[in-house]
Amino acid sequence: MLDFARAGAAVGATPATLEKTRILGAYFRRLGEDDLRRAAVYMSGRAFPPSRRRTLGLGWSTLSKVVSSVSRRDEAELGQIFRKHSDLGDWAGEALDGRTQPEVVTLQEVEVTLDAIRTARGTAKAAPLESMLRRLDPEAARFFIKIISGEMRIGLSEGLVEAAIAEAFGAPITQVKRVHLVTGDIGETAVRCKRGEFEASTITLFQPVRFMLASPVETPGEAFERMAAGTVWTEEKYDGVRCQLHRQASRVELFSRDLKETTGAFPELTEAAPSIGHDVLFDGEVLAHRDGRVLRFFELQRRLGRKQVDAVLRRDVPVVLVIFDVLWLDGRTLLDEPLTTRRKLLEGLGLEHPFLLARLEEATDPQHLDRIFAETRERGNEGLMVKDPISPYTPGRRGLAWLKLKRPLATLDVVVTAVEWGHGKRKGVLSDYTFAVKDTRTGRLVNVGKAYTGLTDAEIATFTERFLAMTVEDMGHVRMVRPEVVLEVAFDSIQHSGRHLSGFALRFPRIVRIRDDKPVDEIDTLERVAGLYDRYFGEKSEVPLSEVAET
Ligand code: AMP
């Protein structure tokens, strides 16, 4: 640990990035694999590798009590030292100087201690922390606390740690970055580079791989242009959460888009995966699904972020995994295989519920793609993924091999009925607009939402003048205005709401256009809002499973 601290201190002492890289590279080169893995993670300011959903759960009060007990200094004295540094590590280093009985402490012992702190509950976290601090040299304690606080503050970015790995093992930085993209773990990256495994294309099961991402396009024509392929593949853009499934015999682990382990949240998948009959790494989307229908995202939300799921929630919001890629199969890494091969392998697995295959269609020209897109939207899906059939799987990249084609399901023409003064940057201008549609049964205007995004500062300034002149009632923060300004708004969904007289509220409305060309008489009606709700967002609008995926 003292070696680690000295290397860290030397890195912190020089402002020159090349020098930092050289010092850290020399330190990494001296380490065996296990310590290298630990040191690379700790130098990045992390107590645990990012893929493990682990946090220390150690608060300031426990930390200051322990430092006070080891250093035999009271709160006032500790506070005075802290104000000098404003950095927990530097504070602990000075407070403990001459107050510990330093011994040789290995990085392995540091790892064991961090784990003991993590697993202990409440005040029991103090004991392992205290016994470690008593054995540390003050410089080592300074860095131990930096690891705990999650901040090195020695001018070391993750990019510099990558550069140091490249320097240590004579690897080109581009290859180190590529290994890091695949593994998503700086410790694992360092070890692979030490072994000379620069060929990043090998996957280690249960080590999450960064997800391939898609670039947005506006139109089918643009999709064809950017992809420069004769034929493209399309898949539904499922509205769930991204999920990577690793399965080897009875061991199963799931990872989320940010490479956090989420195994506990979806027991249906972990229980069913052993029956797949092959060792696999799948990429897909978890959807909430009940009685043969995909449920809306807000239902799935109830399942997210849970370590355990009770029987009631499992019954109310069961999940499936719609799979669109396989990255590893029975020991074979498939990243560099074309999508066509990966898909064929997927189709050959004979997957069964709760594992489904993404619905795939081929498009040969923009008109064809437009038709598929229109059909997707008819089914109530907002978007379509467009994929190059010969592309490899490129972890962590937002390239042109995957595109997402998204358009709002519909827009509404509405009239502004009330305006509000903005906050922060928008202080002093009327920037929040409540808007309404027409209820044709009563002839009245009924509010359906409030928008604050989509206009430029100049447009808001002009609107402020206009609305001031149109005010019929000044209620301080809010002003009722003559209903004359027509806006076209886009939105994510429609919900039932008691807040507005209309009974509906648009979610995330944004202004797409000012429709000065449109008379108020011609704005959209409450019937249209209710119709859109029934069709796309209501209980009955759930998409039949057979429509979105085939097994
Ligand atoms: P966005 O979140 O708008 O960047 O869109 C990309 C996300 O769409 C991915 O991260 C996936 O979670 C999701 N997605 C839904 N369906 C698919 C699909 N068929 N292929 C790839 N990604 C998909």
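The shown structure was predicted, so the numbers you read here are calculated from the model rather than taken from an experiment. Ligands are counted one by one from 1 in listed order, and the atoms in each one are counted from 1 as well.
- Classified by interplanar angle (parallel below 30°, tilted 30° to 60°, perpendicular above 60°), the ring pair Tyr533/Phe504 is tilted.
- Not close to ligand 1: Met212, with no non-hydrogen atom less than 4.0 angstrom away.
- Residues Arg315 and Arg290 come closest through the heavy atom pair O-CD, 4.2 Å.
- Salt bridge status for Glu188 with Arg192: present, with a side-chain N to carboxylate O gap under 4.0 Å.
- Selection from Glu235, Arg257, Glu236 by nearest heavy atom to atom 7 (C) of ligand 1 gives Arg257.
- Remark: minimum distance from atom 1 (P) of ligand 1 to any protein heavy atom is reached at Lys404 NZ, 3.1 Å.
- Only the side chain of Glu285 comes within 4.0 Å of ligand 1, counting heavy atoms alone; its backbone N, CA, C and O stay farther away.
- Of the protein's non-hydrogen atoms, Arg242 NH1, 3.3 Å is the one closest to atom 9 (C) of ligand 1.
- Contact between Thr183 and Thr189 at its shortest, heavy atoms only, is OG1-OG1, 2.9 Å.
- Nearest residue to atom 23 (C) of ligand 1 from Phe324, Phe211, Tyr238 is Phe324 (criterion: closest heavy atom).
- Distance from atom 8 (O) of ligand 1 to its nearest protein heavy atom, with residue and atom name: Lys237 NZ, 3.4 Å.
- In the displayed structure, Ile390 atom CD1 is contacted under 6.0 Å by at most 12 heavy atoms of other residues, nucleotides or ligands.
- Taking the six-membered ring for Trp and the full ring otherwise, Tyr238 and Phe324 have centroids separated by 6.0 Å or more.
- Numbered from 1 in the order shown, with element, the atoms of ligand 1 that lie under 4.0 Å from a heavy atom of Trp402 read 21 (C).
- Val217 pairs with exactly one of Leu405, Val386, Leu400 by the side chain to side chain contact (heavy atoms under 4.5 Å, CB included) rule, that one being Leu405.
- With ligand atoms numbered from 1 in the order given, ligand 1 contributes 3 (O) to contacts under 4.0 Å with heavy atoms of Lys406.
- Among all non-hydrogen protein atoms, the one lying nearest atom 20 (N) of ligand 1 is Lys387 NZ, 2.9 Å.
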